[in-house]
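Predicted model, so just to flag it, every value in this text is computed and none were measured.
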Amino acid sequence: MASLSAALAGGSAWSQAIRIGFQAPLTGPAASDGKTALQGAELAVEQINAAGGVNGRKLELVVADDQTQPAQAIPLANKFIGDGIKAVISGSYSGPTRAAAGVFQGAKIPYIAAYAIHPDITRAGDYVFRTTLTGEVQGRAVAKLVADVLKKKRLTVVSLNNDFGQSLAAGIKEQAAPLGLTIASEYSYGMGDRQFGSLVASVKKDDPEVIFVSGYFFNGGPLVAQLRASGVRAPIVGTEGFDTMNFISVAKAAAEGVIIATTLDRDSTNPAMKKFIDDYKGKYNVGAEMVAASTHTAVNVLADAIRRVGINDPAKLRDAIAATRSLATATGSITMNPAREVYKAAQIQVIKGGEFHRLAVIDDPVLLAPPAN
């Protein structure tokens, strides 16, 4: 009743929305991921506002399209700053997120990367945070998966030649020898590639025990389909870039049995994760995906910090985000370390019957430790 009375009064706190910047690739090749990321953020805002908002004020997303282009992310960041936005969330890939991070750091505006994994993002400075695993950490999880879960030794690595693919490959190579793995061969491909005849022929000739493929649904999907069409039968391990129903739609029957390392467990009994999965399906009539869970998480981390210190003082807000401890979210418990990174277990999912299901969980605080500086 008190909130309703305040809302009816002129100049109410409820009418003075807290505006949060949100960038995502809403056009271009990654537009589907951008749409899913935005849906996750919008669901978080809707839930927060339905529960009374933040300190009696509603949240409002101010959305901008970075087109997955670093060159577009820089003017976008400057526009957010010029428009008086006090905090921004990236629902985008590593390239544009890394480009924008330096701009927000320079302006001392808190900036949270929801699922961009390049390690240099948070190295931009103390106003930049990440609520997912870095690429190197995810790569270490893949190495552990191959060695200890799949019990294989010879691995072929096929990497997308961007920030995402390179950082994942670095993590795998770092842990290959300690875990007893041999990288039999290594290949790379470009973001725009869709035909992989020579690469597939080389992988088939190598006859690896396991094939690691980084990429996104729009290029990794065709690659996996062509590997299977060529007769390659070795297990294929992918990453969170395949954590979308679009990957299954593109790869079709070849998606069956593909294993991914990600941060969302569809079979989780964790209350916060399960609620997100159920609520997302209820609102959008589609299964939850990693990018949506990650942006939902980032919005809740920022909202929790705003509850504690408000939105008007960026330095206090920065300190509040940095002080986040054991916050239950759609992707697990969030605690920031001094480098503004988080620890999470890696969720290993396998595609069965056209859906993602749990294969294993890799929960190793030493192996998967986030960067410390």
Side-chain angles (χ1 to χ4, degrees), residues 19-41 61-132 134-136 138 159-170 188-194 214-220 239-241 244 246 290-292 294-295 298-299 302 314 340:
R19 298 189 303 157
I20 296 172
F22 185 84
Q23 72 177 88
L26 301 176
T27 57
S32 179
D33 277 345
K35 176 184 175 182
T36 303
L38 180 58
Q39 287 176 336
L61 289 179
V62 179
V63 181
D65 177 14
D66 67 23
Q67 302 170 25
T68 333
Q69 299 297 320
Q72 179 67 16
I74 292 172
L76 176 157
N78 283 318
K79 186 174 190 313
F80 276 138
I81 294 163
D83 289 345
I85 301 298
K86 301 290 200 244
V88 180
I89 290 169
S90 168
S92 192
Y93 291 4
S94 287
T97 303
R98 185 154 61 123
V103 179
F104 290 118
Q105 176 64 31
K108 298 190 183 307
I109 297 294
Y111 183 52
I112 301 176
Y115 65 92
I117 67 173
H118 196 281
D120 285 350
I121 291 168
T122 51
R123 292 170 185 162
D126 61 349
Y127 278 78
V128 183
F129 301 82
R130 184 186 347 249
T131 52
T132 194
T134 67
E136 279 85 351
Q138 291 188 35
S159 299
L160 182 60
N161 63 358
N162 68 351
D163 286 352
F164 176 66
Q166 290 167 4
S167 58
L168 286 160
S188 66
Y189 69 95
M191 180 74 89
D193 292 350
R194 301 294 184 272
S214 64
Y216 305 103
F217 73 89
F218 49 84
N219 43 38
T239 69
E240 65 180 26
T244 165
N246 289 314
M290 178 279 300
V291 293
S294 296
T295 53
V299 170
L302 180 55
R340 303 165 310 284

Steps toward side chain to side chain contact (heavy atoms under 4.5 Å, CB included) verdict (Ile109, Val103): CA-CA 9 Å; Ile109 297 294; Val103 179; over 6 Å; no
Stepwise side chain to side chain contact (heavy atoms under 4.5 Å, CB included) check, Leu61 with Arg19: CA-CA 6 Å; Leu61 289 179; Arg19 298 189 303 157; over 6 Å; no
Heavy-atom side-chain contact between Pro110 and Pro314 under 4.5 Å: yes
Nearest atoms (heavy-atom pairs only) where Ala41 meets Thr295: N-OG1, 3.4 Å
Check: Arg340 side chain, Thr122 main-chain N or O, donor-acceptor pair, under 3.5 Å: yes
Heavy-atom pair of closest approach, residues Phe217 and Asn246: CD1-CB, 3.5 Å
Criterion side chain to side chain contact (heavy atoms under 4.5 Å, CB included) on Asn219 and Arg194, from CA distance to verdict: CA-CA 6 Å; Asn219 43 38; Arg194 301 294 184 272; 3.8 Å; yes
Side-chain heavy atoms of Ile117 within contact of Phe164, under 4.5 Å: yes
Ring pair (Phe, Tyr, Trp, His ring centres under 6.0 Å) partners for Phe104, two or more places apart: Tyr111
Side-chain touch Ser90/Pro96, heavy atoms, less than 4.5 angstrom: no
Under 3.5 Å: donor-acceptor pair, side chain of Thr97, backbone of Ala113: no
Minimal non-hydrogen separation, Ala77 against Ala100, with atom names: CB-CB, 4.2 Å
For the student: nearest non-hydrogen atoms of Ala101 and Ala124, plus distance: CB-CB, 3.8 Å
N/O donor-acceptor pair under 3.5 Å between Gln105 side chain and Tyr127 backbone: yes
Pairwise side-chain contact, Thr244 with Val291, heavy-atom cut-off 4.5 Å (strictly under): no
Heavy-atom side-chain proximity of Phe80 to Val62 below 4.5 angstrom: yes
Pair Asp163 + Arg98, salt bridge at N-O below 4.0 Å: yes
Smallest separation among heavy atoms of Leu160 and Ser214, with atom names: N-OG, 2.9 Å
Interatomic distance, Lys79 atom NZ to Ile85 atom CD1 [nearest 0.5 angstrom]: 8.5 Å
Under 3.5 Å: donor-acceptor pair, side chain of Gln23, backbone of Ser92: no
Tyr216 OH to Ser32 OG distance, which is reported to the nearest 0.5 Å: 13.5 Å
Approximate separation, where rounding is to 0.5 Å, of Thr27 OG1 and Gln69 CD: 9.0 Å
Side-chain H-bond candidate by donor/acceptor type, Asp33 with Tyr93, under 3.5 Å: yes
Under 3.5 Å donor-acceptor, Asp65 side chain and Leu26 backbone: yes
Ile89 versus Leu302, closest heavy-atom pair with distance: CD1-CD2, 4.0 Å
Rounded distance (nearest 0.5 Å) linking atom OG1 of Thr36 with atom CE of Met290: 9.5 Å
CE on Met191 to CG on Asn162, rounded to 0.5 Å: 4.5 Å
Worked verdict on Val128 versus Ile121 for side chain to side chain contact (heavy atoms under 4.5 Å, CB included): CA-CA 7 Å; Val128 183; Ile121 291 168; 3.9 Å; yes
Pairwise distance CD(Gln166) to OG(Ser188) - rounded to 0.5 angstrom: 8.5 Å
Check: Asp193 side chain, Gly190 main-chain N or O, donor-acceptor pair, under 3.5 Å: yes
